[in-house]
Amino acid sequence: MNWLWQIFDPATISAFFTQFQTEMQQPAFWVALGKIMWVNILLSGDNALVIAMACRGLPPRQRFWGMVLGAGVAVFLRIIFTGIVVTLMGLPFLKLVGGLALLVIAAKLLVPEDEGEDDVHAAAHLWAAVQIVAIADIVMSLDNVIAVAAAANGSIPLLVLGLAISVPLIVAGAALIMALLTRLPALVWAGAGLLGWIAGEVMATDPAVQPSLHAFFNGPVGVGLDGLFKSLGMAPQFANGGHGGEVVLGIIGIIIVLVAGAIWRKRKLQGIEHSAAA
């Protein structure tokens with residue numbers, strides 16, 4: 001329980017706001033924030049549906065507060081769990097495992113879901129609805145936690161702000177967001193590709209992988225690639241400890257997700273057609 005008390009320690013809170021003020025002055029912070037919000041919106045359609053279904057049986061006056069309080073508890077718990085995952089990702093091989101899991105999550109995003117998978121009973125009173133939303137969010141949010149932790153890249157202020165903004169956005173505009181994603185499937189494919197890119201970057205920065213990756217690109221391969229891209233007017237540095245290896249694994253992640261997701265989607269649609277025909 002010591003880690004929980006440390007979260008509310010005044011020194012920890014002060015350090016958090018100091019880090020936040022420093023990071024928000026960097027353009028990379030806002031790019032990563034956009035990634036977190038997009039990823040969280042794409043992966044939280046089920047969570048928004050749970051909130052709506054759990055609160056549909058409440059009286060009109062309590063329905064709004066059920067959604068707000070349920071989402072608030074869900075955000076608080078998700079920030080804590082994601083913070084734990086961010087901390088653990090500093091250990092060797094955990095980023096590698098998380099990146100592989102993220103590839104599966106991204107490919108699954110392209111697969112149509114079975115109807116009735118997330119059947120949630122309507123609650124009879126306010127606190128029952130809050131409890132249903134909070135428990136359901138914990139059970140359903142493993143993919144969100146892994147993806148957001150990866151996108152935050154170790155920054156606690158970044159993940160707190162990203163989750164604090166995106167989850168209420170999901171609750172407020174759940175129907176609009178779901179309709180938008182249905183009308184523009186390209187957004188879902190682009191989001192899956194973004195997750196593939198993040199997965200590749202995460203695996204490239206694993207403490208057990210990064211030294212071997214740098215050693216490989218510090219040789220003739222990296223020097224040759226640097227010369228090639230420089231002649232094309234592009235400057236991703238591969239040799240001398242550059243981030244070109246992360247770019248390569250990010251592109252490989254996109255390819256894996258889109259190819260695997262397309263095959264998985266095709267097989268799922270064929271299975272649905274056979275079931276309908278039977």
Side-chain angles (χ1 to χ4, degrees), residues 15-45 75 78-79 82-83 85-87 89-90 95-96 98-99 101-103 105-106 109 141 143-170 173 177 180-181 184 186-207 209-210 213-214 217 225-226 229 232-238 241-258:
F16 168 83
F17 282 106
T18 301
Q19 183 182 358
F20 175 75
Q21 290 177 350
T22 302
E23 290 186 5
M24 69 181 297
Q25 297 175 8
Q26 303 172 5
F29 176 87
W30 300 103
V31 173
L33 178 62
K35 285 183 182 180
I36 290 176
M37 292 180 61
W38 190 7
V39 164
N40 206 36
I41 288 171
L42 284 169
L43 292 176
S44 295
V75 170
R78 199 183 296 187
I79 287 173
T82 311
V85 172
V86 166
T87 304
M89 277 189 170
K95 279 190 174 183
L96 182 62
L102 196 53
L103 289 176
I105 292 167
L109 189 64
S141 293
D143 54 353
N144 304 64
V145 168
I146 293 173
V148 171
N153 197 26
S155 171
I156 300 298
L158 187 56
L159 77 88
V160 169
L161 182 61
L163 289 173
I165 294 174
S166 55
V167 175
L169 177 63
I170 293 162
I177 291 169
L180 183 63
L181 294 176
L184 299 174
L187 292 178
V188 178
W189 285 83
L194 173 62
L195 284 174
W197 175 274
I198 293 172
E201 285 187 328
V202 167
M203 290 187 284
T205 56
D206 186 281
V209 175
Q210 195 171 41
L213 196 64
H214 282 172
F217 283 109
L225 288 172
D226 282 341
F229 282 106
L232 297 174
M234 303 169 66
Q237 185 177 350
F238 290 86
H243 298 288
E246 297 177 23
V247 174
V248 171
L249 287 190
I251 293 172
I252 293 174
I254 293 174
I255 294 171
I256 290 174
V257 165
L258 296 182

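Residues: numbered from 1 along the sequence shown. Since the model is a prediction, treat every value here as computed from it, not as a measurement. Both backbone and side-chain heavy atoms feed into the values below; hydrogens, waters and symmetry mates do not.
- The two residues Ala106 and Gly196 make their nearest non-hydrogen contact at CB-N, 4.3 Å.
- Considering all non-hydrogen atoms of both residues, Asp206 and Leu96 come closest at OD2-N, 2.9 Å.
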Inset, instruction - Kindly indicate, with the supporting measurements, whether the criterion side chain to side chain contact (heavy atoms under 4.5 Å, CB included) is fulfilled by Leu195 and Val257. - result: CA-CA 8 Å; Leu195 284 174; Val257 165; 5.8 Å; no
Inset, instruction - In sequence, state the C-alpha distance, the side-chain angles, and the governing distance for Leu194 and Trp189, and then conclude on side chain to side chain contact (heavy atoms under 4.5 Å, CB included). - result: CA-CA 9 Å; Leu194 173 62; Trp189 285 83; over 6 Å; no
Legend entry - Stepwise side chain to side chain contact (heavy atoms under 4.5 Å, CB included) check, Ile252 with Ile256: CA-CA 6 Å; Ile252 293 174; Ile256 290 174; 3.7 Å; yes
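- The minimum heavy-atom distance linking Glu246 with Leu213 is given by the pair N-CD2, 4.3 Å.
- Separation of atoms CG (Leu249) and CD1 (Ile254) is listed at 11.5 Å; rounding is to 0.5 Å.
- Between Phe217 and Val248, the shortest heavy-atom distance links the atoms CZ-CG2, 4.1 Å.
- With values rounded to the nearest 0.5 angstrom, Ile251 atom CD1 is found 10.5 Å from Glu201 atom CD.
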Inset, instruction - Tell me, with the steps shown, if Lys95 and Thr205 meet side chain to side chain contact (heavy atoms under 4.5 Å, CB included). - result: CA-CA 7 Å; Lys95 279 190 174 183; Thr205 56; 3.2 Å; yes
